[in-house]
Structures are given as structure tokens and as C-alpha cells.
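Scroll down for the structure; my scribbles are underneath it.
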Number of protein chains: 2
Amino acid sequence: MRNRPVDIDRLFHALGDPTRRAILDGLVDRPQSVSQLAQPLGITVTAVMQHLEILEAARLAHTEKLGRVRTCRVEAAGFRALEQWIRDHRTAWERKLDRLGQLLAEEDEIR
Amino acid sequence: MRNRPVDIDRLFHALGDPTRRAILDGLVDRPQSVSQLAQPLGITVTAVMQHLEILEAARLAHTEKLGRVRTCRVEAAGFRALEQWIRDHRTAWERKLDRLGQLLAEEDEIR
DNA sequence: GGAATTGTCAAGTGAATACTTCAGTATTGG
DNA sequence: CCAATACTGAAGTATTCACTTGACAATTCC
């Protein structure tokens with residue numbers, strides 16, 4: 001169960017942390033170095049590195065070291081895998097929900 | 001930062017656990033009782049209950065007790081919130097990725 | 001070359017997680 | 001009514017997690 005295809009477990013786990021989502025949001029604006037990412041988050045460079053490993057494993061980010069600076073960018077693969085998962089499950093859910101009919105209506109007015 | 005709207009943190013956290021995704025997959029087939037869910041998973045009823053609380057908080061499931069049986073169903077609200085999050089972020093990402101141009105192409109042939 | 005910058009490594013800490021067990025409490029069928 | 005069924009609640013445990021500290025290593029700038 002390792003990472004040839006994007007692992008959905010890694011993906012959800014990666015996105016489950018607010019700091020990591022913040023890192024991604026930062027990277028969407030522009031590629032950034034590790035310390036550039038760390039500063040506004042108020043956490044250590046080491047912590048950012050640890051998050052980056054997780055984001056890379058989930059293929060949500062990609063990093064590359066040139067000289068003493070590691071440049072980090074957002075990567076599309078993980079995101080696409082997430083979309084695919086959603087698509088697959090939505091169709092499955094909708095199929096079943098339609099079959100059950102009133103269940104959907106019942107859920108529409110939330111609790 | 002609590003749950004009036006579906007909380008994206010809860011959502012990702014809820015979906016980050018394989019057992020919980022398995023529970024949802026089971027519920028998609030048909031509504032089930034807590035013990036019906038527990039049996040094929042090989043975990044205790046108590047453990048399932050704990051997962052259900054998390055799934056309910058994320059609005060991915062809804063449960064209701066009638067007599068001594070608690071019936072669990074899949075709920076659409078959480079799932080819709082996830083789709084919305086994806087939609088929002090995809091457009092943001094695509095905008096930026098397009099602006100960067102070659103970055104996308106680069107990422108297409110994975111690592 | 002030496003100091004500042006930028007990142008890496010190893011280890012540790014406290015809190016959160018996913019479970020369990022065990023002792024209840026309702027509910028229901030015979 | 002009594003026993004089985006179905007869940008609830010409190011507590012405990014082992015692991016994982018996010019993060020830190022502190023000691024390095026590599027690069028770059030003056």
C-alpha cells in the first residue's frame with residue numbers, strides 16, 4: 001500500500017491539517033522557500049519541513065533544492081486524485097440516494 | 001470555529017481514517033445498525049460508535065435511535081461541502097497554475 | 001575566510017487518536 | 001418476568017502527530 005498511485009489515505013491525512021492547508025494556500029500564490037513559508041505561520045523551519053514531506057508524499061506539493069534554498073511549489077497530481085475520488089464516490093452515493101428517494105429530501109433540511 | 005457550516009477540518013479528518021471510509025461505503029449500500037457495521041469491520045461496537053460521532057460531526061452520516069437500535073445512514077451535507085471546497089480551490093489553483101504555465105506541464109509527467 | 005543564511009538530523013514532549021475492556025441501561029421476544 | 005439484544009459510558013492503552021530544541025552542514029556574501 002505505497003505511493004505509486006496517489007494514496008487516498010495520505011491525501012486526506014495531508015489535507016486534514018490546517019497548517020498544511022495554509023502552506024498550500026501560500027504556495028498557490030507563488031513558489032516559496034521553507035523559511036518564507038515558516039515565517040507567517042509562526043512555526044519552526046523544521047516543522048514546515050515535516051509538513052512538506054507529508055504534502056510531497058500526497059503529491060500535493062513538490063520541492064526542489066538549489067544551492068541552500070529549497071523551493072516549494074504546489075503540485076496538481078494529488079489534487080486531481082482527490083477530485084477523482086470525489087467524483088467516483090459522488091456518483092455511487094447519488095445512485096444509492098436516488099434509489100432510496102425520500103432519504104435525500106430528508107437530508108436536505110439539515111438535522 | 002465550530003460546526004454551523006460544515007467544518008472543513010472535521011471533514012478531512014473524518015475522511016482521513018480508512019475505517020470511517022469503510023463505514024461510509026457500507027452505509028451507501030443501505031442504512032445499517034451499529035452492530036451491523038461493527039461485524040464486518042472486526043472492531044467493537046464501541047469503536048464504531050466513536051467513529052459515528054466523528055462522521056456525524058462532519059455531516060457525513062446521520063444516526064437515529066428507535067427502540068434499542070440505532071440506525072445509521074449516509075448524509076449528503078458533508079459530502080457537498082467537500083465538493084464545494086474542491087471546486088473553490090481548484091479554480092484558485094488553476095488560475096495560478098495557468099499563470100505559471102510550464103509548471104503544469106512539468107507536473108503532468110509525474111516526478 | 002568568516003559570518004550570516006538556509007536547511008537537515010536526531011531526539012524529545014504533550015496532546016490527540018483509534019482502539020479496547022468492562023460495567024451498566026434500555027428494549028424486546030418468548 | 002427474564003434473558004438475550006443493542007447500545008452507552010467511563011476509563012485505560014499504545015500509537016501517531018505536530019511541534020520543539022539543539023547540534024550540525026552547506027552556501028553565499030562581504
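Order of the sequence lines sets the chain letters (A, B, ...), proteins ahead of strands, with each chain counted from 1.
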Any donor-acceptor pair, under 3.5 Å, between the side chain of Q50(A) and the base of dC19(D), if you only look at N and O atoms? yes

Nearest non-hydrogen partners of A81(B) and L11(B), listed with the distance: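 What the structure gives for the nearest pair is CB-CD1, 3.9 Å.
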
Whole angstroms only, please: what is the [atom1]-[atom2] distance between [X] and [N]?
X      : N       : atom1 : atom2 : value
H13(A) : dA18(D) : NE2   : C1'   : 9 Å
E64(B) : dC7(D)  : CD    : P     : 13 Å
L37(B) : dA6(D)  : CG    : P     : 13 Å
I43(A) : dA18(D) : CD1   : P     : 11 Å
L66(B) : dC7(D)  : CG    : P     : 11 Å
M49(A) : dA25(D) : CE    : P     : 17 Å
F12(B) : dC17(D) : CZ    : P     : 17 Å

Got more than 12 heavy atoms from elsewhere within 6.0 Å of CD, Q39(A)?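 Not buried by this count: 12 neighbours or fewer within 6.0 Å.
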
Heavy atoms only, 4.0 Å cut-off, all strands: where does T46(A) land among base, sugar-phosphate and nothing? base

Of G67(A) and T19(A), whose closest DNA chain D nucleotide lies nearer the 5' terminus?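 Its nearest nucleotide being more 5', the pick is T19(A).
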
Worked check of side-chain hydrogen bond (donor to acceptor under 3.5 Å, both in side chains) between T63(A) and E56(A): CA-CA 8 Å; T63(A) 76; E56(A) 289 205 76; 2.9 Å; yes

Under 4.0 angstrom between T44(A) side-chain N/O and dT20(D) OP1 or OP2: yes

Looking at dA4(D), I'd like to know if its phosphate oxygens (OP1 or OP2) sit under 4.0 Å from a side-chain N or O belonging to R68(B). no

Would you sort out whether T71(A) and Q32(A) count as a side-chain contact (heavy atoms from CB on, under 4.5 Å), showing the intermediate values? CA-CA 6 Å; T71(A) 301; Q32(A) 290 186 64; over 6 Å; no

Going 5' to 3' along DNA chain C, between which two nucleotides do contacts with chain B fall, using a heavy-atom cut-off of 4.0 Å?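 So the contact region on DNA chain C extends dT17(C) to dT28(C).
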
Go through the side-chain N and O atoms of H62(A) and R73(A) and say whether any donor and acceptor fall under 3.5 Å apart. no

Can you tell me how far the CG atom of D17(A) sits from the CZ atom of R21(A), to the nearest 0.5 Å?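 The distance works out to 7.5 Å.
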
Do R70(B) and M49(B) have side chains that get closer than 4.5 Å, going by heavy atoms? yes

